[in-house]
Amino acid sequence: MRVRIAPSPTGYLHIGTARTALYNWLLARKHKGTFVLRIEDTDVERSSQEMVDVILESLKWLGLDWDEGPYFQSRRVEIYRRYAERLLKEGKAYCCYCTPEELKERREQAIREGRAWKYDRKCLYLSEEEKRKLEKEGRPRAIRFLVPPGKTEFNDLVHGKIEKNHEDIEDFVILKSDGMPTYNFAVVVDDHEMGITHVIRGDDHISNTPKQILIYRALGWEPPLFGHLPLILGEDRSKLSKRHGAVAVLQYKEDGFLPDALVNYLALLGWSPGDNREILSREELIELFSIERVSDRNAIFDRRKLLWMNGEYIKMKSEDELFNGVWEFLKKEELVKDEEKEEKRDYILGFIKLMKERCKTLKDFATLGYYFFRDDFELDPEGIRKHFYPGLKERMEKLLERFEKTEPFTVENIEQALRGLAEELGIKAKELIHPVRLICSGMTFGPGLFELLAHLGKERVIRRIKKRLPELP
RNA sequence: GGCCCCAUCGUCUAAAGGAUUAGGACAUCACUCUUUCAAGGUGAAGGUAGGGGUUCGAGUCCCCUUGGGGCCA
């Protein structure tokens, strides 16, 4: 089995392309086949090395390693031309001299007259003399495929039988007047030359498939098997695109998603193992995946479920496994500096342990954990309203005294100190716990208070209480 | 507009004509645990688009309608 992913270098790897890549990759790994990467960059204007790099980086981040390539279509132009010439010579294609303006005019006329427009084969019926004349004028010429009469059927791996009458296919261009191949032509030549056995791609290519099969047959080649995956849709049910927000794989990396979680989520978008399992490792996915179980219905991308799944993966990972990822986000928020990475390692490992149940993304560690690293936070005004009360200052002074005497500053000792004071004052522990949390973190929620204070350390806790003492009621 | 694809809770899906009171997950709501927030536990609500057929029996097969999507322009 040889499969491939063939992205265009448009500046990012689309989440839909990523899922297509994933399904191909799963198939290749499951059947010990080969996963080929091909860059479809015939649109030279819009392609660049940087854009290619983004694709490679995205695939690497997802952990979808390829076995061959990347191949570049832009370096294969001569090959496409050779095959186009061959079809021309064999009378299976013909030159078309119609200009875009002429075509537009005839198309509009057809629409005005209420006819369905399809290329009218004007250039197919040109006499030799007319052709010579046009050539002499130096008119640009495209090459059109001569669609034979009949009908094409194929057995789609996902959809089953799909058929198309050739009357509904116009004589499409295979080589443009600038000498570049069209998508349909290049894809067939490449898939054949690269020995692709299973073409697994998006549903948006279903209508191209009969055209491509026609080309295979015209060149005397056996077409591969085709499987068309349902599309990933945005909330509004249209094809997922930039206007739906995060659509680039690397955006998810930036947003703090784990590649394992994204892979798992994407695998489930259009496929399920059949039982009720949802959290599946790569190994399990490879073992369980089958193209027969792929759904043929378009699916809406649900970021909330992805978020949940990412949270599940964060909980599953050890502190050590999360360390580097969390570090990057702390660094980005300027909460830490690279030179203190080793020195702060244990502190951060403990921080991750306290926070990971509460974080859905790696980014959350930085946004929800600000106070673990900096003193300069504001107190949540809503929290002040709720938890500060007259006489609090006096109580906090007493608590401060106790904390100063608490040695060592451990979870148990802190709890004992605080609860002891509460008892002595004849109040509920809550009446101290909430204000202390607010003073030491700026927030009304977070890890268990005693664990939190112990981890912040005596020095920080005392400093923060002292700092806020003057403003307490 | 032409052609093609698709139709199960809000979303992702399970149910290979009989095992179904249509199952699970996310989200929602309630309760519970708790110093808070999460997490966890328990529970609730929520679906076979509509209409015809085929069949002893239809979510499942066929047809039509409607709706959604894609491609080409």
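Heavy atoms only: backbone and side chains are in, while hydrogens, waters and symmetry mates are out. Residue numbers begin at 1 in each chain, while the letters A, B, ... track the order of the sequences.
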Near-strand residues of residues 167-192 of chain A, defined as heavy-atom separation under 4.0 angstrom from RNA chain B: Asp168(A)

cation_pi(Lys30(A), Phe289(A)) dist<6.0 Å, angle<=45: no

Touch class at under 4.0 angstrom, heavy-atom based, for Arg437(A) against every strand present: base

Axial cation check for Tyr23(A) ring with Arg19(A), 6.0 Å and 45° limits: yes

Sugar-phosphate only, base, or nothing, as touched by Arg303(A) at under 4.0 Å among non-hydrogen atoms: nothing

Under-4.0 Å side-chain N/O to phosphate OP1/OP2 contact, Arg237(A) with rG10(B): no

Counterpart base for rA15(B), defined by Watson-Crick or G-U wobble contacts under 3.5 Å: none

Pair assignment for rG1(B), Watson-Crick or G-U wobble, requiring both distances under 3.5 Å: rC72(B)

Watson-Crick/G-U partner (both atom distances under 3.5 Å) of rU28(B): rA44(B)

Residue-phosphate contact under 4.0 Å: Lys356(A) side-chain N/O, rA38(B) OP1/OP2: no

Electrostatic pair Glu407(A)-Lys458(A), nearest N-O below 4.0 angstrom: yes

Sugar-phosphate only, base, or nothing, as touched by Ala299(A) at under 4.0 Å among non-hydrogen atoms: sugar-phosphate

Any N/O donor-acceptor pair, Lys305(A) side-chain to rA27(B) base, under 3.5 Å: no

rC6(B) OP1/OP2 closer than 4.0 Å to side-chain N/O of His159(A): yes

RNA chain B-proximal residues of residues 261-274 of chain A, any heavy atom under 4.0 Å: Leu268(A), Leu269(A), Gly270(A), Ser272(A), Gly274(A)

Check: Tyr313(A) ring centroid to Phe257(A) ring centroid under 6.0 Å: no

Heavy-atom closest contact (Phe365(A) atom, Val326(A) atom, distance): CD1-CG2, 3.7 Å

Out of rG10(B), rC5(B), rU35(B), whichever nucleotide has its closest atom nearest the side chain of Arg419(A): rU35(B)

Residue pair Asp364(A), Arg358(A): steps toward the salt bridge (charged side-chain N to carboxylate O under 4.0 Å, His left out) verdict: CA-CA 8 Å; Asp364(A) 286 345; Arg358(A) 301 167 166 74; over 6 Å; no

N/O (side chain, Lys239(A)) to phosphate O (OP1/OP2, rC71(B)) under 4.0 Å: yes

Sugar-phosphate only, base, or nothing, as touched by Lys164(A) at under 4.0 Å among non-hydrogen atoms: sugar-phosphate

Touch class at under 4.0 angstrom, heavy-atom based, for Phe301(A) against every strand present: nothing

Below 4.0 Å: OP1/OP2 of rG40(B) and any side-chain N or O of Lys315(A): yes

Pairing partner of rA7(B) (Watson-Crick or G-U wobble, both distances under 3.5 Å): rU66(B)

Test item: Arg29(A) side-chain N/O and Ile286(A) main-chain N/O as donor-acceptor pair under 3.5 Å: no

Phe377(A)/Tyr370(A) aromatic ring centres below 6.0 Å: no

hbond_proxy Arg304(A) side chain to rC26(B) base (donor-acceptor, 3.5 Å cutoff): no

Touch class at under 4.0 angstrom, heavy-atom based, for Pro230(A) against every strand present: nothing

Closest-nucleotide ordering on RNA chain B, the 5'-leading residue of Arg107(A) and Ile300(A): Ile300(A)

